[in-house]
Every structure is written in structure tokens, then in C-alpha cells.
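A short worksheet on the structure shown next.
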There are 2 protein chains.
Amino acid sequence: MDRKNLQDTAPRLPIGALSRRTGCNIETIRYYEKIGLLSAPARSDGGHRLYGYGHLMRLGFVRRARELGFTLDEIRALLRLAEDRDRPCTEAREVAVVHLTDIRTKIADLQAMESVLAETVVRCADGKTPECPLLETLFGSIDPSARPPAG
Amino acid sequence: MDRKNLQDTAPRLPIGALSRRTGCNIETIRYYEKIGLLSAPARSDGGHRLYGYGHLMRLGFVRRARELGFTLDEIRALLRLAEDRDRPCTEAREVAVVHLTDIRTKIADLQAMESVLAETVVRCADGKTPECPLLETLFGSIDPSARPPAG
DNA sequence: TCTTGAACCTGTAGCCGCTACAGATCCTAT
DNA sequence: ATAGGATCTGTAGCGGCTACAGGTTCAAGA
């Protein structure tokens, strides 16, 4: 990989080819351009987008970052850091660490859901309860001391 | 809890009180009504919503199901099953099992993200690589000084 | 009774990250 | 020249809320 080529935007690929090469939907590519995540490419005489190697690199970056769950805003920041080569590592790492914390929180939340549900489904299956354990769980009891919504 | 009281909609609680007792945002309560998840309550002479015990139960149900990650459509189905008391358990269980599968898939996806990111952040931290390992990962490069991806 | 001001009303628009059209135009192979 | 695939712009929708704006109603205190 040669990051200098990020600047190489010599027009070669129409949007369909870029889509096939990156696995990114055509509509999504146009969306990324609209929100300023991908720079506007050159155009053919008829107005069709023509992308260069730099676009291919950037879009690949975006896609891989999305696969790791980064938000588009985080990716925007990472792309800026990738272009400014002076002190990216510390800051890039910070973005990743924050994101890692988010991911771990989500995993914990989902695992909590999973265990409640798995246990409930098992109780449903053993057919020993007259009522449906799942529905009973969901009806629960209203906590009269519940706090008002914040804000 | 007494599910028969789901039909009890004798007007007592204004929306703010319902909000406090369920922990559900006022705007969200109105939203649930708009999309037909909560039935429209009685109104005062001036047009203020007045909720009964049935609404309290239903909204509690909805909230708890949301906490377990059910979608509003799934909750709609569960509420129908909760009202039709003939053969709810099997079907309710099916909804839960499908949802459980979703949750487990999400957990697996997040754990895959977590391990890639955690490993990358560690490489960032040890400062042995000249390039930023995070950005290299996102660019999809093969770092010649790095070992092939461990299994 | 009158007056505050908190609670409530309706309606609309925004958030994220796409996706799905419609209806027009372009590009390329025959 | 023509067919038909690729691309264009623009708008609207998804889920599940949240945040206003600009108005009305309710309940407690003077």
C-alpha cells in the first residue's frame, strides 16, 4: 500500500467498477460523496463519475473501518489523521480506544439480554409453568418509584 | 401482575405521570400511540391524555421488551399473543428464539471487531512499528514486518 | 376569581447509515 | 441507428426515537 497514492485521483473507474472492487453499494458511494466522506471525482463529458486509485484506497479504508464498527464521524477523523502524517498514531489510537470501549459496552449489554432471554426460553420449553414465562417476564412489575426521564 | 387488567383503561394518569411510572419519555409514549403500539387513551375536556392501568401495564411490557432488544414489530406480535390467551406460549417462544439468534449473531460480530481492534491497539501502544498499525490495518496493507494474521 | 407557570397539545424536522425508488440521460456494442 | 445496461439527480423511507416551535389547558396560590 502506498499512502501517497491517496492523492492520485486520475480518472479511470466508473462508479460501478469502484462498487465491484470495494464491495460498496453504488448508492452508498454517492452518499459518502454527499456527506463529504469521499471527495467528488472527475466526470466524463456526459457527467458520469470517474474515480482514481486514491478514491479506491479511501473507500477501502472507509469500508474496513465500517466493518470494525467505526461511525462515519470517527472514520472522518481517522482519514484526516491518515493524511496528516506527522503525529497520527497517538490520536488514531485514541479514536480506536474510545470505540473499543463502546464495543465492549455493547457486548456486555447484549450478553445481559442474551442470558435473560436464554433462561426464559428454557423455562418456556420445559412446559412446567402454567403461564408463559416469557410473557410473565415481560409483564414484570411496575416499579412505582421509577424516575422521570432525564432532561 | 394481572393481565385481565390490560382491558382496564379507566382514565386516571396524565401522560407525565405515566412517563414517571414507566421511565418512558413523554415523546416516546406519544410516538408509540402514533404507530399503534399503544391504544389511544381517553382525553380530558381540554384534550389531555388520561391513561388507565391497562396502559400502564402495556407500556411496562413494551419497555421491558425494548430493554431485551426486541424490535417494535416483535413487541407488537408479543402483545397480540399476550392478549389472546389460548396458545401464546409456543408462538411467543418462537419470537424470542428468533430474537435470541439475532442477539447471538450481534455478539459474535462485535467480538470479532473487538479482537481485531484490541490487537491493533496493543500494537499501536508498543511503539515498535514505524507506521501506525491501526491505519495500516484500515488501509488493508500487508505490513512486511508483521507476522501473518493469527488464526 | 384571577393569575401564574407547569404540564400538556399538535405538527414537523432531525438523528444515523444507508436503501429504494422514479424518471431522465449517457455509454457502448452490434 | 438502436438497444439496453449503466449512470445521473432528487426525493422519500427505514427504525426508534428526540427536539423543537408555537399554541392550549390545568391546578395551585393570592
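Convention: sequence-line order gives letters A, B, ...; per-chain numbering from 1.
Legend: salt bridge (Lys or Arg N to Asp or Glu O under 4.0 Å) pairs involving residues 67-77 of chain A, not counting sequence neighbours, sorted by first then second residue: A:Asp73-A:Arg76. Within the structure, side chain to side chain donor-acceptor pair (under 3.5 Å) contacts touching residues 17-29 of chain A (residues at least two apart or in different chains) are A:Glu27-A:Arg30. The stretch residues 105-120 of chain A participates, sequence neighbours left out, in these salt bridge (Lys or Arg N to Asp or Glu O under 4.0 Å) pairs: A:Glu114-B:Arg104, A:Glu119-A:Arg123.
Note that CG of B:Leu72 and CZ of B:Arg66 are 5.0 Å apart. Values are rounded to the nearest 0.5 Å. B:Leu18 contributes atom CG, which lies 4.0 Å from atom CD1 of B:Ile29 (distance to the nearest 0.5 angstrom).
Rounded to an integer number of Å, the gap from CG of B:Leu50 to P of C:dA7 is 16 Å. In this structure, A:Leu13 atom CG and D:dA6 atom C1' are separated by 14 Å, rounded to whole Å. Taking atom CG of B:Leu18 as the reference point, atom P of C:dA7 lies 15 Å away to the nearest angstrom. Atom CZ in A:Arg43 sits about 12 Å away from atom P in C:dC27, given to the nearest Å. Regarding B:Tyr51, its OH atom lies at a distance of 16 Å from the P atom of C:dA7, rounded to whole Å. Rounded to an integer number of Å, the gap from CD1 of A:Ile35 to P of C:dC18 is 8 Å.
For the pair B:Leu134/B:Leu117, a side-chain contact is recorded, criterion being any heavy-atom separation below 4.5 Å from C-beta on. Residues B:Ser39 and B:His55 have side chains in contact (heavy-atom distance under 4.5 Å, counting atoms from C-beta outward).
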What's the verdict on side chain to side chain contact (heavy atoms under 4.5 Å, CB included) for B:Tyr51 and B:Leu59, showing C-alpha distance, side-chain angles and the deciding distance?
CA-CA 11 Å; B:Tyr51 295 91; B:Leu59 186 52; over 6 Å; no
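Heavy-atom distances under 4.0 Å link DNA chain C to no residue of residues 108-116 of chain A.
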List the protein contact pattern of nucleotides 15-28 of chain D with one symbol per nucleotide (5' to 3'): B for base contact, S for sugar-phosphate-only contact, - for none; contact means a heavy-atom distance under 4.0 Å.
-BBBBB----SS--
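By the side-chain hydrogen bond (donor to acceptor under 3.5 Å, both in side chains) test, A:Tyr32 is found to be paired with A:Arg63, residues two or more places apart in sequence or in another chain being considered.
Between A:Arg49 and D:dT7 there is no side-chain polar atom (N or O) within less than 4.0 angstrom of OP1 or OP2.
Note on A:Ile26: only backbone sugar-phosphate atoms sit closer than 4.0 angstrom, heavy atoms only; bases stay farther off.
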